[in-house]
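In what follows, a structure is listed as structure tokens, so that the remarks can point back to it.
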Amino acid sequence: MNSRERFLAACRCEPVDRPPVWLMRQAGRYLPEYQGLRAKASFWDMVRTPELAVEATMQPLRRFGMDAAILFSDILPVLDAMGVDVRYGSEGPVIDPPVRSEADLARLRPIDAKTDLAYVGEAVSLLAAELHPETALIGFAGAPLTLAAYLIEGAGSRDLRRIKSLAYNQPELVHKVLAMLADAVADLLRFQVDCGVDAVQVFDTWSGLLSPEDYSDLALPYAKRVVGRVRELGKPVILYVRGAAANLEAAASSGCDVLSVDSSIRLQEARDRLGSKVALQGNLDPAELFGPAERIGERVHHLIDATRGTGHILNLGQGLVPDTPIEGVSEFVRSVKEYRESNR
Ligand code: CP3
């Protein structure tokens with residue numbers, strides 16, 4: 001079974017020789033070869049230049065041989081395509097001016113991904129040609145709630161106070177923003193599928209900061225809309241939710257094929273609560289990669305034992321952080337790949 005077959009089988013809860021492995025944020029600054037690219041181009045330039053995006057996507061695969069590649073891009077280019085000013089500063093992304101009124105909303109453009117995000121399609125096509133048929137290629141986008149949080153807060157936020165306050169005072173406005181984002185994201189993901197991705201991941205990084213009531217009102221319906229529109233094309237959809245423990249059943253009810261969970265929940269508990277119809281992805285704490293090799297190996301075995309390796313994609317619970325040791329990443333990937341031998 002090659003990496004792509006293994007990855008797709010796991011997404012569909014079909015039998016595998018061993019679970020597949022990749023890491024959220026597997027491309028990036030912890031790699032000296034990535035820093036080499038960044039010395040010559042800004043992050044935005046890399047995202048918008050297909051050859052550079054392809055190179056950044058391939059770097060971790062050459063070094064560690066993960067089963068899947070994830071397109072090198074970001075969740076915010078879709079906002080740029082909608083006419084929003086997105087900047088990547090040293091403190092993370094900044095949206096200036098943010099969207100907080102009907103007049104701001106009126107300035108947002110609906111997108112046609114094929115023309116407005118043509119550079120994404122070009123990178124995907126080049127990657128598909130390079131990776132297939134051996135290795136899986138994952139496309140992605142931000143979930144509507146997470147994108148709305150950036151759009152309305154203007155930057156990352158610890159408590160989402162602005163989007164919540166707007167949702168409580170002017171619910172129609174926030175729902176209009178969310179609906180527009182859901183359309184844009186669905187269009188982008190369908191375009192990525194047309195260009196050759198094998199699966200897509202929807203990142204709902206910030207919905208874990210919502211109460212269960214707000215999750216059902218503001219996050220779930222729009223995640224569901226996106227998941228449904230992509231699943232029509234027959235490709236698996238992975239939904240990532242941070243703070244998974246609180247929203248587990250609700251998130252799974254989006255109809256996703258795979259639920260990607262952070263380390264706030266034991267995989268065994270997630271499996272018990274959800275049954276085996278939805279595959280799971282995760283969920284090593286990225287800080288574990290700073291620990292000793294034997295500990296990483298033990299943690300990996302523990303994770304695989306929890307799912308018996310079925311319907312499970314090994315991954316982190318959150319994105320890899322910039323100063324992660326290379327050895328930690330290589331030990332993580334190696335431990336998963338060797339699982340088969342140690343269990344036969
Ligand atoms: O996983 C991958 O390797 C693919 C590429 C990818 C990036 N961002 C590249 C990136 C993916 C899948 C993302 C998703 C993303 N972006 C999320 C959701 C996942 C998560 O982490 O919860 C979010 C919230 C963002 C928004 C974003 N982009 C932030 C908060 C930052 C700054 C923080 C940081 O790590 O610098 C970015 C910039 C960014 N996106 C970088 C990379 C490699 C760093 C840019 C640089 O080189 O300076």
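Note that the coordinates shown come from a computational prediction; the quantities given were computed from them, not determined experimentally. Start at 1 and go down the list; that is how both ligands and their atoms are numbered.
Screening residues 33-87 for ring-ring contact (aromatic ring centres under 6.0 Å, His included) gives Y34-F72, F43-F72, F43-Y88, W44-Y88 as the qualifying pairs, with residues at least two apart or on separate chains. Each side chain to side chain donor-acceptor pair (under 3.5 Å) pair with one or both residues in residues 236-252, not counting sequence neighbours, appears once here: E249-R273. Residues in residues 157-200 take part in these ring-ring contact (aromatic ring centres under 6.0 Å, His included) pairs, two or more places apart or across chains: H175-Y222.
Separating the CZ atom in F332 from the CG atom in L303 is a distance of 7.0 Å, to the nearest 0.5 Å.
Closer than 4.0 angstrom to ligand 1 lie heavy atoms from M24, R25, Q26, A27, R29, Y34, R38, F43, I70, L71, F72, S73, D74, I75, Y88, G92, P93, F140, Y150, F203, T205, R242.
With E288 as the partner, the side-chain contact (heavy atoms from CB on, under 4.5 Å) test is satisfied by one option alone out of R299, E331, E298: R299.
For the pair R18 and D67, the salt-bridge criterion is met [side-chain N within less than 4.0 Å of a carboxylate O].
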